[in-house]
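Taking it in order: structure first as C-alpha coordinates, then the write-up.
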Amino acid sequence: MQAKSLISITDFTKGEYLKIMHLAEDFEANPNQKLLQGKVIATLFFEPSTRTRLSFETAINRLGGKIIGFSDSSSSSVSKGETLHDTIRMVSNYADMIIMRHPLEGSARYAAEISNVPVINAGDGANQHPSQTLLDMYSILKTQGRLDNINLFLVGDLKYGRTVHSLIMALLQFENPIFNFIAPPELALPNEYKIHLTEKGIRYFEHAEFTDIINAADIIYMTRVQKERFIDPVEYEKVKNIYILRNEMLRNTKSTMKILHPLPRINEIHTDVDSNPKAYYFTQAKNGVFTRMAIIAHLLNLK
Amino acid sequence: MQKHLKVSAIKDGTVIDHIPTKALFKVIKILNLENCSQMVTFGNNLDSKAMGTKAIIKIANRYFADEELNKIALVAPHAKLNIIRNYEVIEKKVVEIPKEIKGIVRCFNPKCISNGEQVTTRFEILSVKPIAMKCYYCEKITNENEMMFF
Ligand SMILES: [Zn+2]
(Lines give C-alpha, C1' and ligand atoms only; values in the text may rest on other atoms or scores of the structure.)
Protein backbone atom coordinates (compact mmCIF):
# COMPACT_ATOMS: atom_id res chain seq x y z
CA MET A 1 0.00 0.00 0.00
CA GLN A 2 1.16 3.49 -0.80
CA ALA A 3 1.85 5.68 2.20
CA LYS A 4 -0.22 8.83 2.69
CA SER A 5 1.60 11.72 1.01
CA LEU A 6 1.05 15.44 0.51
CA ILE A 7 1.67 16.33 -3.12
CA SER A 8 -1.10 18.82 -4.02
CA ILE A 9 -3.21 20.95 -1.74
CA THR A 10 -6.33 19.16 -3.02
CA ASP A 11 -4.97 15.84 -1.67
CA PHE A 12 -6.27 16.90 1.75
CA THR A 13 -9.89 17.08 2.81
CA LYS A 14 -11.39 19.98 4.76
CA GLY A 15 -11.19 17.77 7.83
CA GLU A 16 -7.47 17.34 7.28
CA TYR A 17 -6.97 21.09 6.78
CA LEU A 18 -8.66 21.67 10.12
CA LYS A 19 -6.61 18.98 11.79
CA ILE A 20 -3.38 20.55 10.47
CA MET A 21 -4.52 23.97 11.78
CA HIS A 22 -5.29 22.48 15.16
CA LEU A 23 -1.94 20.65 15.35
CA ALA A 24 -0.04 23.77 14.26
CA GLU A 25 -1.66 25.69 17.11
CA ASP A 26 -0.63 22.93 19.48
CA PHE A 27 2.98 22.95 18.24
CA GLU A 28 3.14 26.72 18.45
CA ALA A 29 2.08 26.56 22.09
CA ASN A 30 4.48 23.70 22.78
CA PRO A 31 7.15 23.52 20.07
CA ASN A 32 9.47 20.92 21.52
CA GLN A 33 7.60 17.63 21.31
CA LYS A 34 9.96 14.78 20.55
CA LEU A 35 7.56 12.82 18.37
CA LEU A 36 10.21 12.00 15.78
CA GLN A 37 12.65 10.46 18.26
CA GLY A 38 14.40 7.57 16.53
CA LYS A 39 13.08 8.57 13.12
CA VAL A 40 15.05 9.64 10.04
CA ILE A 41 13.62 12.19 7.62
CA ALA A 42 15.16 12.76 4.18
CA THR A 43 15.18 16.27 2.73
CA LEU A 44 16.01 15.91 -0.95
CA PHE A 45 16.47 19.29 -2.60
CA PHE A 46 17.18 18.65 -6.28
CA GLU A 47 17.19 22.41 -6.66
CA PRO A 48 18.18 24.79 -3.89
CA SER A 49 15.59 26.59 -1.77
CA THR A 50 17.25 27.63 1.42
CA ARG A 51 14.15 29.11 3.04
CA THR A 52 11.90 26.13 2.50
CA ARG A 53 14.62 23.66 3.48
CA LEU A 54 15.48 25.51 6.71
CA SER A 55 11.81 25.69 7.63
CA PHE A 56 11.33 21.94 7.17
CA GLU A 57 14.60 21.09 8.88
CA THR A 58 13.73 23.31 11.85
CA ALA A 59 10.40 21.50 12.10
CA ILE A 60 12.16 18.11 12.06
CA ASN A 61 14.70 19.21 14.65
CA ARG A 62 11.99 20.56 16.94
CA LEU A 63 10.28 17.17 16.70
CA GLY A 64 13.53 15.41 17.64
CA GLY A 65 14.09 13.68 14.27
CA LYS A 66 17.33 13.10 12.38
CA ILE A 67 17.90 14.48 8.88
CA ILE A 68 19.63 12.97 5.85
CA GLY A 69 19.67 14.48 2.36
CA PHE A 70 21.17 17.14 0.16
CA SER A 71 20.55 20.81 -0.47
CA ASP A 72 21.15 20.84 -4.21
CA SER A 73 21.66 18.13 -6.76
CA SER A 74 25.30 18.98 -7.52
CA SER A 75 26.25 17.51 -4.15
CA SER A 76 24.39 14.24 -4.70
CA SER A 77 24.45 11.13 -6.87
CA VAL A 78 21.98 12.94 -9.15
CA SER A 79 24.92 14.81 -10.61
CA LYS A 80 26.29 11.42 -11.67
CA GLY A 81 23.14 10.87 -13.70
CA GLU A 82 21.07 8.80 -11.27
CA THR A 83 17.37 8.91 -12.09
CA LEU A 84 14.77 10.27 -9.70
CA HIS A 85 13.29 6.78 -9.69
CA ASP A 86 16.47 5.19 -8.34
CA THR A 87 17.16 7.96 -5.83
CA ILE A 88 13.66 7.60 -4.37
CA ARG A 89 13.83 3.78 -4.31
CA MET A 90 17.07 3.98 -2.37
CA VAL A 91 16.14 6.77 0.04
CA SER A 92 12.70 5.34 0.84
CA ASN A 93 14.53 2.29 2.18
CA TYR A 94 16.56 4.50 4.52
CA ALA A 95 14.16 7.15 5.75
CA ASP A 96 10.73 7.25 7.40
CA MET A 97 9.62 10.15 5.23
CA ILE A 98 10.85 12.05 2.16
CA ILE A 99 10.54 15.80 1.77
CA MET A 100 11.55 16.83 -1.73
CA ARG A 101 11.91 19.77 -4.04
CA HIS A 102 12.53 19.17 -7.72
CA PRO A 103 12.54 21.41 -10.81
CA LEU A 104 10.31 19.09 -12.89
CA GLU A 105 6.52 19.30 -12.52
CA GLY A 106 4.87 16.12 -11.33
CA SER A 107 8.14 14.81 -9.90
CA ALA A 108 6.73 14.57 -6.38
CA ARG A 109 3.61 12.69 -7.54
CA TYR A 110 5.90 10.28 -9.35
CA ALA A 111 8.14 9.91 -6.29
CA ALA A 112 5.10 9.11 -4.13
CA GLU A 113 4.25 6.26 -6.52
CA ILE A 114 7.70 4.77 -6.10
CA SER A 115 8.23 5.44 -2.40
CA ASN A 116 6.88 3.23 0.37
CA VAL A 117 7.18 6.06 2.91
CA PRO A 118 5.19 9.35 2.86
CA VAL A 119 6.39 12.08 0.49
CA ILE A 120 5.90 15.79 1.12
CA ASN A 121 6.13 17.96 -1.97
CA ALA A 122 8.24 21.01 -1.09
CA GLY A 123 7.81 22.39 -4.62
CA ASP A 124 7.76 20.67 -8.02
CA GLY A 125 8.65 23.29 -10.60
CA ALA A 126 5.82 25.78 -11.06
CA ASN A 127 3.22 23.18 -10.07
CA GLN A 128 2.51 22.72 -6.35
CA HIS A 129 3.90 23.70 -2.96
CA PRO A 130 1.16 22.62 -0.57
CA SER A 131 2.91 23.30 2.75
CA GLN A 132 3.06 26.97 1.73
CA THR A 133 -0.71 27.00 1.31
CA LEU A 134 -1.28 25.35 4.68
CA LEU A 135 0.92 27.92 6.39
CA ASP A 136 -0.96 30.68 4.55
CA MET A 137 -4.21 29.21 5.87
CA TYR A 138 -2.80 28.95 9.37
CA SER A 139 -1.76 32.60 9.16
CA ILE A 140 -5.26 33.61 8.07
CA LEU A 141 -6.86 31.55 10.83
CA LYS A 142 -4.51 32.95 13.48
CA THR A 143 -5.02 36.58 12.51
CA GLN A 144 -8.72 36.51 11.60
CA GLY A 145 -9.93 33.80 13.96
CA ARG A 146 -11.71 32.04 11.08
CA LEU A 147 -11.32 30.60 7.59
CA ASP A 148 -14.95 31.25 6.63
CA ASN A 149 -16.14 34.60 5.22
CA ILE A 150 -12.67 35.82 4.26
CA ASN A 151 -12.39 38.72 1.85
CA LEU A 152 -9.08 37.93 0.18
CA PHE A 153 -7.22 40.31 -2.13
CA LEU A 154 -4.62 38.62 -4.29
CA VAL A 155 -2.14 40.97 -5.92
CA GLY A 156 0.59 40.65 -8.55
CA ASP A 157 1.31 37.57 -10.64
CA LEU A 158 -1.95 35.64 -10.57
CA LYS A 159 -1.20 33.77 -13.78
CA TYR A 160 1.87 31.79 -12.79
CA GLY A 161 1.72 32.19 -9.00
CA ARG A 162 1.16 28.65 -7.76
CA THR A 163 0.64 29.85 -4.17
CA VAL A 164 -2.27 31.96 -5.39
CA HIS A 165 -3.96 29.09 -7.21
CA SER A 166 -3.55 26.70 -4.29
CA LEU A 167 -4.86 29.21 -1.76
CA ILE A 168 -7.97 29.77 -3.87
CA MET A 169 -8.59 26.01 -4.09
CA ALA A 170 -8.12 25.59 -0.34
CA LEU A 171 -10.41 28.48 0.67
CA LEU A 172 -13.14 27.08 -1.55
CA GLN A 173 -13.57 24.41 1.12
CA PHE A 174 -14.75 27.11 3.54
CA GLU A 175 -17.93 29.19 3.75
CA ASN A 176 -18.50 32.24 1.63
CA PRO A 177 -15.05 33.44 0.53
CA ILE A 178 -14.80 36.62 -1.55
CA PHE A 179 -11.89 36.90 -3.96
CA ASN A 180 -10.50 40.13 -5.36
CA PHE A 181 -7.85 39.78 -8.04
CA ILE A 182 -5.49 42.67 -8.76
CA ALA A 183 -3.10 42.01 -11.64
CA PRO A 184 -1.88 43.39 -14.94
CA PRO A 185 -3.80 41.83 -17.87
CA GLU A 186 -0.70 39.81 -18.87
CA LEU A 187 -0.67 38.14 -15.44
CA ALA A 188 -4.40 37.79 -14.84
CA LEU A 189 -5.82 34.70 -13.17
CA PRO A 190 -6.19 31.84 -15.72
CA ASN A 191 -9.72 31.36 -17.01
CA GLU A 192 -10.01 27.82 -15.69
CA TYR A 193 -10.03 29.20 -12.13
CA LYS A 194 -12.62 31.85 -12.96
CA ILE A 195 -14.85 29.24 -14.59
CA HIS A 196 -14.46 27.06 -11.51
CA LEU A 197 -15.42 29.95 -9.20
CA THR A 198 -18.42 30.85 -11.34
CA GLU A 199 -19.60 27.24 -11.36
CA LYS A 200 -19.38 27.12 -7.58
CA GLY A 201 -21.26 30.41 -7.25
CA ILE A 202 -18.32 32.15 -5.55
CA ARG A 203 -18.05 35.93 -5.76
CA TYR A 204 -14.92 37.33 -7.33
CA PHE A 205 -13.86 40.67 -8.72
CA GLU A 206 -11.02 41.57 -11.05
CA HIS A 207 -9.20 44.87 -10.93
CA ALA A 208 -6.29 46.22 -12.95
CA GLU A 209 -5.74 49.08 -10.51
CA PHE A 210 -4.26 48.84 -7.05
CA THR A 211 -6.23 51.54 -5.19
CA ASP A 212 -8.39 52.08 -2.11
CA ILE A 213 -10.54 49.09 -3.09
CA ILE A 214 -8.20 47.25 -0.71
CA ASN A 215 -10.01 48.91 2.20
CA ALA A 216 -12.51 46.02 2.17
CA ALA A 217 -9.79 43.39 2.58
CA ASP A 218 -9.38 40.97 5.48
CA ILE A 219 -6.16 39.71 3.91
CA ILE A 220 -3.96 41.18 1.19
CA TYR A 221 -1.83 38.46 -0.36
CA MET A 222 1.08 39.99 -2.29
CA THR A 223 3.17 38.13 -4.88
CA ARG A 224 6.20 38.96 -6.99
CA VAL A 225 5.78 40.27 -10.52
CA GLN A 226 8.78 38.63 -12.17
CA LYS A 227 10.42 40.07 -15.24
CA GLU A 228 10.98 36.67 -16.83
CA ARG A 229 7.22 36.11 -17.00
CA PHE A 230 6.85 38.80 -19.66
CA ILE A 231 7.42 38.08 -23.33
CA ASP A 232 7.82 41.79 -24.01
CA PRO A 233 10.21 43.51 -21.56
CA VAL A 234 8.49 46.83 -22.30
CA GLU A 235 5.29 45.44 -20.79
CA TYR A 236 7.19 44.56 -17.63
CA GLU A 237 8.65 48.05 -17.37
CA LYS A 238 5.11 49.46 -17.64
CA VAL A 239 3.67 47.47 -14.75
CA LYS A 240 6.62 46.78 -12.47
CA ASN A 241 5.99 49.77 -10.26
CA ILE A 242 2.20 49.67 -10.27
CA TYR A 243 1.67 46.69 -7.99
CA ILE A 244 3.73 47.96 -5.10
CA LEU A 245 2.16 48.18 -1.68
CA ARG A 246 3.15 51.31 0.26
CA ASN A 247 2.40 52.25 3.83
CA GLU A 248 0.23 55.26 2.93
CA MET A 249 -2.16 52.93 1.04
CA LEU A 250 -2.98 51.15 4.31
CA ARG A 251 -4.44 54.17 6.10
CA ASN A 252 -8.11 53.25 5.66
CA THR A 253 -7.77 49.49 5.57
CA LYS A 254 -9.44 47.42 8.31
CA SER A 255 -7.63 47.44 11.64
CA THR A 256 -7.66 43.64 11.63
CA MET A 257 -6.35 43.38 8.06
CA LYS A 258 -3.05 41.53 7.57
CA ILE A 259 -0.61 41.49 4.65
CA LEU A 260 0.78 38.12 3.60
CA HIS A 261 3.56 37.33 1.14
CA PRO A 262 5.16 33.93 0.41
CA LEU A 263 8.62 35.62 0.42
CA PRO A 264 11.17 36.42 -0.77
CA ARG A 265 9.94 39.82 -1.86
CA ILE A 266 11.71 41.97 -4.41
CA ASN A 267 10.15 45.43 -4.26
CA GLU A 268 6.40 44.71 -4.30
CA ILE A 269 6.04 45.59 -0.62
CA HIS A 270 7.81 48.83 0.19
CA THR A 271 10.02 48.56 3.28
CA ASP A 272 8.00 51.38 4.88
CA VAL A 273 5.22 48.80 5.37
CA ASP A 274 7.43 46.53 7.49
CA SER A 275 6.90 48.42 10.73
CA ASN A 276 3.13 48.64 10.25
CA PRO A 277 1.36 46.12 12.54
CA LYS A 278 -0.64 45.02 9.49
CA ALA A 279 2.56 43.59 7.98
CA TYR A 280 2.47 39.90 8.78
CA TYR A 281 4.83 38.25 6.27
CA PHE A 282 7.71 37.61 8.67
CA THR A 283 5.44 36.04 11.27
CA GLN A 284 3.84 34.10 8.43
CA ALA A 285 7.23 32.54 7.64
CA LYS A 286 7.60 31.58 11.30
CA ASN A 287 4.15 29.96 11.21
CA GLY A 288 5.59 27.76 8.47
CA VAL A 289 7.64 25.80 10.99
CA PHE A 290 4.59 24.93 13.14
CA THR A 291 2.52 24.10 10.09
CA ARG A 292 5.23 21.80 8.75
CA MET A 293 5.53 20.08 12.14
CA ALA A 294 1.78 19.50 11.92
CA ILE A 295 1.98 18.07 8.38
CA ILE A 296 4.79 15.68 9.35
CA ALA A 297 2.99 14.53 12.50
CA HIS A 298 -0.25 14.01 10.58
CA LEU A 299 1.28 12.01 7.71
CA LEU A 300 3.23 9.78 10.08
CA ASN A 301 0.17 9.32 12.32
CA LEU A 302 2.06 10.65 15.31
CA LYS A 303 -0.85 12.82 16.46
CA MET B 1 -23.70 -5.88 -58.17
CA GLN B 2 -20.67 -7.54 -56.69
CA LYS B 3 -18.58 -5.53 -54.30
CA HIS B 4 -14.90 -5.68 -55.04
CA LEU B 5 -12.86 -6.13 -51.91
CA LYS B 6 -9.75 -3.96 -51.83
CA VAL B 7 -8.46 -5.72 -48.75
CA SER B 8 -8.99 -9.45 -48.80
CA ALA B 9 -11.52 -10.99 -46.47
CA ILE B 10 -10.55 -12.98 -43.39
CA LYS B 11 -12.13 -16.15 -42.09
CA ASP B 12 -11.81 -15.34 -38.39
CA GLY B 13 -10.58 -12.24 -36.64
CA THR B 14 -11.16 -8.51 -36.29
CA VAL B 15 -11.74 -5.84 -38.92
CA ILE B 16 -11.16 -2.23 -37.94
CA ASP B 17 -12.82 0.09 -40.39
CA HIS B 18 -13.26 3.86 -40.69
CA ILE B 19 -9.79 4.72 -39.47
CA PRO B 20 -8.69 8.20 -40.57
CA THR B 21 -5.89 7.72 -43.12
CA LYS B 22 -3.48 9.75 -41.01
CA ALA B 23 -4.11 7.52 -38.01
CA LEU B 24 -3.47 4.15 -39.63
CA PHE B 25 0.09 3.69 -38.43
CA LYS B 26 -0.77 5.05 -34.99
CA VAL B 27 -3.48 2.41 -34.65
CA ILE B 28 -1.00 -0.27 -35.72
CA LYS B 29 1.38 0.96 -33.06
CA ILE B 30 -1.19 1.34 -30.28
CA LEU B 31 -2.48 -2.20 -30.84
CA ASN B 32 1.10 -3.43 -31.14
CA LEU B 33 0.37 -5.08 -34.48
CA GLU B 34 4.02 -4.78 -35.43
CA ASN B 35 4.62 -7.74 -33.14
CA CYS B 36 1.53 -9.68 -34.15
CA SER B 37 2.38 -13.09 -35.60
CA GLN B 38 -1.03 -13.47 -37.27
CA MET B 39 -1.87 -12.28 -40.77
CA VAL B 40 -2.44 -8.53 -40.71
CA THR B 41 -3.60 -6.80 -43.88
CA PHE B 42 -4.37 -3.15 -44.25
CA GLY B 43 -5.40 -0.66 -46.86
CA ASN B 44 -5.00 3.07 -46.80
CA ASN B 45 -6.50 5.95 -48.79
CA LEU B 46 -9.58 3.90 -49.60
CA ASP B 47 -12.69 5.75 -50.76
CA SER B 48 -15.20 6.45 -48.02
CA LYS B 49 -18.59 8.12 -48.36
CA ALA B 50 -18.48 9.41 -44.82
CA MET B 51 -14.79 10.34 -44.54
CA GLY B 52 -13.58 10.96 -48.09
CA THR B 53 -10.70 8.56 -47.60
CA LYS B 54 -10.13 6.03 -44.87
CA ALA B 55 -7.96 3.18 -43.76
CA ILE B 56 -8.91 -0.37 -42.80
CA ILE B 57 -7.05 -3.11 -40.92
CA LYS B 58 -7.87 -6.80 -40.83
CA ILE B 59 -6.28 -9.00 -38.24
CA ALA B 60 -6.76 -12.73 -38.62
CA ASN B 61 -7.44 -14.92 -35.60
CA ARG B 62 -7.20 -12.06 -33.12
CA TYR B 63 -9.89 -10.68 -30.85
CA PHE B 64 -9.27 -7.73 -28.60
CA ALA B 65 -10.64 -6.76 -25.22
CA ASP B 66 -12.76 -3.57 -25.31
CA GLU B 67 -10.24 -1.93 -23.02
CA GLU B 68 -7.50 -2.48 -25.57
CA LEU B 69 -9.63 -1.37 -28.50
CA ASN B 70 -10.71 1.79 -26.72
CA LYS B 71 -7.11 2.93 -26.70
CA ILE B 72 -7.39 3.69 -30.41
CA ALA B 73 -10.34 6.03 -29.82
CA LEU B 74 -7.94 8.94 -29.32
CA VAL B 75 -6.71 8.68 -32.93
CA ALA B 76 -9.67 6.93 -34.58
CA PRO B 77 -12.77 8.06 -32.67
CA HIS B 78 -15.17 6.83 -35.37
CA ALA B 79 -13.58 3.44 -35.92
CA LYS B 80 -16.03 0.60 -36.52
CA LEU B 81 -15.15 -2.92 -35.59
CA ASN B 82 -16.42 -6.11 -37.08
CA ILE B 83 -15.79 -9.34 -35.28
CA ILE B 84 -15.58 -12.13 -37.85
CA ARG B 85 -16.15 -15.84 -37.42
CA ASN B 86 -16.23 -18.12 -40.43
CA TYR B 87 -16.48 -15.15 -42.83
CA GLU B 88 -19.55 -13.85 -41.00
CA VAL B 89 -19.78 -10.64 -38.99
CA ILE B 90 -20.95 -11.90 -35.63
CA GLU B 91 -20.58 -8.63 -33.72
CA LYS B 92 -20.15 -4.91 -34.44
CA LYS B 93 -18.45 -2.54 -32.05
CA VAL B 94 -17.59 1.13 -31.80
CA VAL B 95 -14.82 2.61 -29.71
CA GLU B 96 -15.16 4.92 -26.77
CA ILE B 97 -12.54 7.22 -25.28
CA PRO B 98 -11.70 5.79 -21.84
CA LYS B 99 -11.75 7.90 -18.65
CA GLU B 100 -8.08 7.31 -18.09
CA ILE B 101 -5.33 7.03 -20.71
CA LYS B 102 -2.04 5.30 -19.89
CA GLY B 103 0.90 5.60 -22.24
CA ILE B 104 0.05 6.38 -25.92
CA VAL B 105 0.14 10.17 -25.57
CA ARG B 106 2.90 12.48 -24.37
CA CYS B 107 2.28 15.29 -21.91
CA PHE B 108 2.63 18.57 -23.82
CA ASN B 109 4.41 20.18 -20.86
CA PRO B 110 8.16 20.08 -21.52
CA LYS B 111 8.80 20.54 -17.79
CA CYS B 112 6.73 17.47 -16.86
CA ILE B 113 8.54 14.61 -15.15
CA SER B 114 7.05 12.27 -17.77
CA ASN B 115 9.18 14.05 -20.36
CA GLY B 116 12.18 14.13 -18.06
CA GLU B 117 12.53 10.48 -17.22
CA GLN B 118 11.03 7.16 -18.24
CA VAL B 119 7.57 7.40 -16.80
CA THR B 120 4.42 5.88 -18.33
CA THR B 121 2.16 8.86 -18.94
CA ARG B 122 -1.23 8.91 -17.29
CA PHE B 123 -4.11 11.25 -18.06
CA GLU B 124 -7.62 11.84 -16.87
CA ILE B 125 -9.95 12.68 -19.78
CA LEU B 126 -11.73 15.94 -18.94
CA SER B 127 -13.59 16.36 -22.20
CA VAL B 128 -14.03 14.30 -25.34
CA LYS B 129 -15.02 16.88 -27.94
CA PRO B 130 -12.55 18.46 -28.26
CA ILE B 131 -10.25 16.18 -26.30
CA ALA B 132 -8.76 17.69 -23.14
CA MET B 133 -6.78 15.57 -20.73
CA LYS B 134 -5.17 16.32 -17.41
CA CYS B 135 -1.75 14.89 -16.65
CA TYR B 136 -1.74 12.84 -13.45
CA TYR B 137 1.79 14.05 -12.72
CA CYS B 138 2.16 17.74 -13.60
CA GLU B 139 -1.62 18.46 -13.53
CA LYS B 140 -1.39 20.44 -16.79
CA ILE B 141 -4.03 20.00 -19.45
CA THR B 142 -3.07 18.67 -22.87
CA ASN B 143 -5.54 19.68 -25.57
CA GLU B 144 -6.43 17.84 -28.76
CA ASN B 145 -4.27 20.07 -30.96
CA GLU B 146 -1.27 19.53 -28.65
CA MET B 147 -1.51 15.73 -28.54
CA MET B 148 1.69 13.94 -29.48
CA PHE B 149 1.86 10.19 -29.66
CA PHE B 150 4.76 8.01 -28.64
ZN1 LIG C 1 2.54 16.21 -17.35
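To find a chain, count down the sequence lines: A is the first, B the second, and so on, and within it residues start at 1.
- The environment of NZ in B:Lys140 is crowded: more than 12 heavy-atom neighbours from other residues, nucleotides or ligands sit within 6.0 Å.
- Highest contact tally toward chain B, considering only A:Ile7, A:Asp124, A:Leu84, is held by A:Leu84 [criterion: heavy-atom pairs under 4.5 Å].
- The candidate from A:Ala112, A:Pro103, A:Ser107, A:Ala108 with the greatest count of non-hydrogen atom pairs under 4.5 Å with chain B is A:Ser107.
- For NZ of A:Lys19, the number of neighbouring non-hydrogen atoms (other residues, nucleotides, ligands) closer than 6.0 Å is greater than 12.
- More than 12 heavy atoms of other residues, nucleotides or ligands shown are found within 6.0 angstrom of CD on B:Glu34.
- Remark: A:Arg89 CZ is loosely packed, at most 12 non-hydrogen atoms of other residues, nucleotides or ligands lying under 6.0 Å away.
- Qualifying salt bridge (charged side-chain N to carboxylate O under 4.0 Å, His left out) partners for A:Arg109, counting only residues two or more places apart in sequence or in other chains: A:Asp11, B:Glu139.
- For B:Lys134, the NZ atom counts as loosely surrounded, since its 6.0 Å shell holds 12 or fewer non-hydrogen atoms of other residues, nucleotides or ligands.
- Within residues 98-131 of chain B, the residues approaching chain A closer than 4.5 Å by heavy atoms are, in numerical order, B:Asn109, B:Lys111, B:Cys112, B:Ile113, B:Gly116, B:Glu117, B:Gln118, B:Val119, B:Arg122.
- Under a cut-off of 6.0 angstrom, the local environment of CD in B:Glu144 is crowded, with over 12 non-hydrogen atoms contributed by other residues, nucleotides or ligands.
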